[in-house]
Every structure is written in C-alpha cells, then in structure tokens.
Amino acid sequence: MVAKNSIEFECKSLDETKAAASGLNEAKITEVPPIFGLPPVALDDKKPTINSEFSIPIIDFAGVHVDAVSREGIVEKIKDAAEKWGIFQLVNHGVPLSVLEEIQDGVVRFHGEDPEIKKSYFSSDFAKTFIYHNNFELYSSSTGNWRDSFACCMAPDPPNPEEIPMACRDAMIGYSNHVMSLGGLLFELLSEALGLSSETLKSKGCMKGLHMICHYYPPCPQPDLTLGTSKHSDNTFITILLQDQIGGLQVLHQDCWVDVSPLPGALVINIGDFLQLMTNDKFTSVEHRVLANRAGPRISVACFFSSSMNPNPTVYGPIKELLSEENPPKYREFTVPEYTKGYIEKGLDGTSHLSNFKI
Ligand SMILES: O=C(O)CCC(=O)C(=O)O
Ligand SMILES: [Fe+2]
C-alpha cells in the first residue's frame, strides 16, 4: 500500500490536516474527524469489558534480593502471570518515584513546546534517533489513533544527549538507565521461570535494544468514535510501561477486555511477540489497546526491549532447551529487523503478526 506520508493529501478538512500534521494537542478539535474513526475490524472488536471476574496480577519485588526462597516465590508468580496473562503490574520495583514523576513531567513539557520546535522533530523515518509522530498508524493503517507520540532509540547506540530535546533530555536518559537495570533483573527471573539458567535470555541478546516511546493522549470530545491506541501486541521481548492515573489501557483476556487499572508507583510489564515465539507459546504476548477518554491528557511511557537493528542481526527462534518430541517448534526463525519491517508495514490493524511466522 502507498505510504501515507503526505498527510495533507489524505486529510479531508482543515481540522484533520491540523490534527495530523501539527499534533492533536494543538488542533483543539471538537469533533473526531473521519480519519480517526474506528475501522470495521475495530468495531467488530467491541467485546465486553469485564473486570469483576478478572484482575491483572500484581507482583511485589520487595523480597527479590532478600533470600532464595523469596526469589523463588517471585519467579513462580512471574511464571504464572507470563503464561496465563502475558502481563502484570510490578510494585516495589526499585525505580524511585521521583524518576517516574520526572519522566512524566518531561513528556508533558515536550508536548507543550512551541509547535515549530516539535515540527522540527516530525518524521516517519524510524531509523532516526528521535522522532515526533502523531500517528505512525497513518503511514500503514487506514485510521489514526487519538494520540501524539515521540520515540527515541536508547540502545544499543545511546543518543548523543543533544539529539534529545532539552524538555525531556535528562528525564529520558535518567529513566532509561533505571529501566535497563530493571530489565536485566526481569530477564533473569523470566529465564528462571522457564527452568533455564538466569543469564539465558540476556545472553541471547534480549536486552540489546531499547526503544522509548512517550505517548500523550489529549482529551477526546467523542471517545466512543475512536481509540487512543488500536488493538495490538508488541513487537518486543518485553515492554515496561509507565502509565499515569487517567486509565484506558485494556488487555484481551479470555476474550474479554480487562482494565489495567492505574496503580500509583507501579510499572506494567508485558510479554511481547518475540518472547512468545522464543518460548514456543509458553509465554503469551498479550493483545492490548487504549481507549480514548474525555479526561486527559493521559501520559504513558513504553520502553520496548528489542534487539539490534544492525546489518548482521541475530537469528531468533524457539529456544532449543524448551523443545521436545511432544513440543516441536511452532515457529520458524526470524530476525528482529525482518519481523519489525512486516509489523510496521501492516500497521495496528487489529491482527497479530506472529501468525505469519507459524510453521
Ligand atoms: O499507552 C499505553 O498505555 C500503551 C501504549 C502501547 O501499547 C504501546 O506503545 O505499544
Ligand atoms: Fe503496546
């Protein structure tokens, strides 16, 4: 399909053009333009939201460094959550509250900048270190999402600090350092949860790449007509997500949408497609979405553990130690650039990209 990088061409009205080209935050529109309307596939997806029977697991890391018994208890909970839900909320994770507040403030500061400053970062070129884009879906999907975002690649090649706008520079660098340490611990525990040695996932390069995407969901005048983020699963090994207290994030569990209710100070951890594939479906890459909301803005920061996009990428596939005659490989091998290219081209259209790698 033709890339929709000519936003003016695609949009039907001045309001739409403003919304798409200079950021929803500036557009101050009172009616959802058609380009943000739900496509038929998303309308079909209006499954009930049920929270009474289900709640996302909450895991407390307070005892993780205390003794072996506490650690084993935590590993057991992670195993259960990764298998049954593909997502959990983490408390006492060691990232100071002040660091969480500072990154959220940084996101608000950038989105409040003069449009001319933001425009200088506007790009659809994902190879760039720092980009501001208020709808990567517009480049590949038929509809937009009700949000403005900016993204920065923090690893394997950390940006020169000057490449990150002043408004969020220190906050992003500080937060990503904490996320890297927490990611290291999570990959150890996830390896143990698979019955493998602690270093397995790290040694396979699961934390070589770190992408940070900072979302700003402006209040929406007609929240039933659009979505903040369409249904998708992440093209990551794991994602560490920070959300504020507005709410709207939901996961698909046993065919019902379940709210990921904001929990002050918590981080949301979800399994991504690469880990589902490497564990041969033992762990679940959870499908999720964000509802549009009259309240806002809602801020979230998603840290994607991926892999190096360099020209000699690592080849991943189901981990050999997990396979047996009864559990043969369900997926073919892949490289992260190969997977990511198809994922972006497809856009967030509500379908999973994982199935394209099934044997
Ligand atoms: O904003 C959120 O809570 C989730 C965002 C998300 O799913 C993503 O960036 O992949
Ligand atoms: Fe996501």
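Whatever order the structure lists ligands and atoms in, that order sets their numbers, starting from 1. Note that the structure is predicted; figures quoted are calculated from it, not measured.
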Atoms named by residue and atom, protein N, O or S, within reach of the Fe ion (ligand 2) (under 2.8 Å): His232 NE2, Asp234 OD1, His288 NE2
Between OH on residue Tyr175 and SG on residue Cys214, distance to nearest 0.5 Å: 9.0 Å
Lys/Arg N to Asp/Glu carboxylate O, Lys79 vs Glu72, below 4.0 Å: no
Aromatic ring proximity, centroids under 6.0 angstrom, Phe110 and Phe150: yes
pair Ile173-Pro161: side-chain heavy atoms closer than 4.5 Å: yes
Neighbour count above 12 (heavy atom, 6.0 Å) for Lys77 NZ: no
Separation of Ser70 OG from Asp60 CG (nearest 0.5 Å): 10.5 Å
Where does ligand 1 get N/O contacts under 3.5 Å from the protein, atom by atom?
from, atom 1, to, atom 2, distance (Å)
ligand 1, 1 (O), Tyr217, OH, 2.6
ligand 1, 1 (O), Arg298, NH1, 3.0
ligand 1, 1 (O), Ser300, OG, 2.6
ligand 1, 3 (O), Arg298, NH1, 3.2
ligand 1, 3 (O), Arg298, NH2, 2.8
ligand 1, 7 (O), His232, NE2, 3.1
ligand 1, 7 (O), His288, NE2, 3.0
ligand 1, 9 (O), His215, NE2, 2.7
ligand 1, 10 (O), His232, NE2, 3.0
ligand 1, 10 (O), Asp234, OD1, 3.2

Pairing residues for His353 by the side chain to side chain donor-acceptor pair (under 3.5 Å) criterion, not counting sequence neighbours: Asn356
Results of side chain to side chain donor-acceptor pair (under 3.5 Å) for Arg71 - residues two or more places apart only: Glu188, Glu192
Sub-6.0 Å ring centroid separation between Tyr316 and Phe237: yes
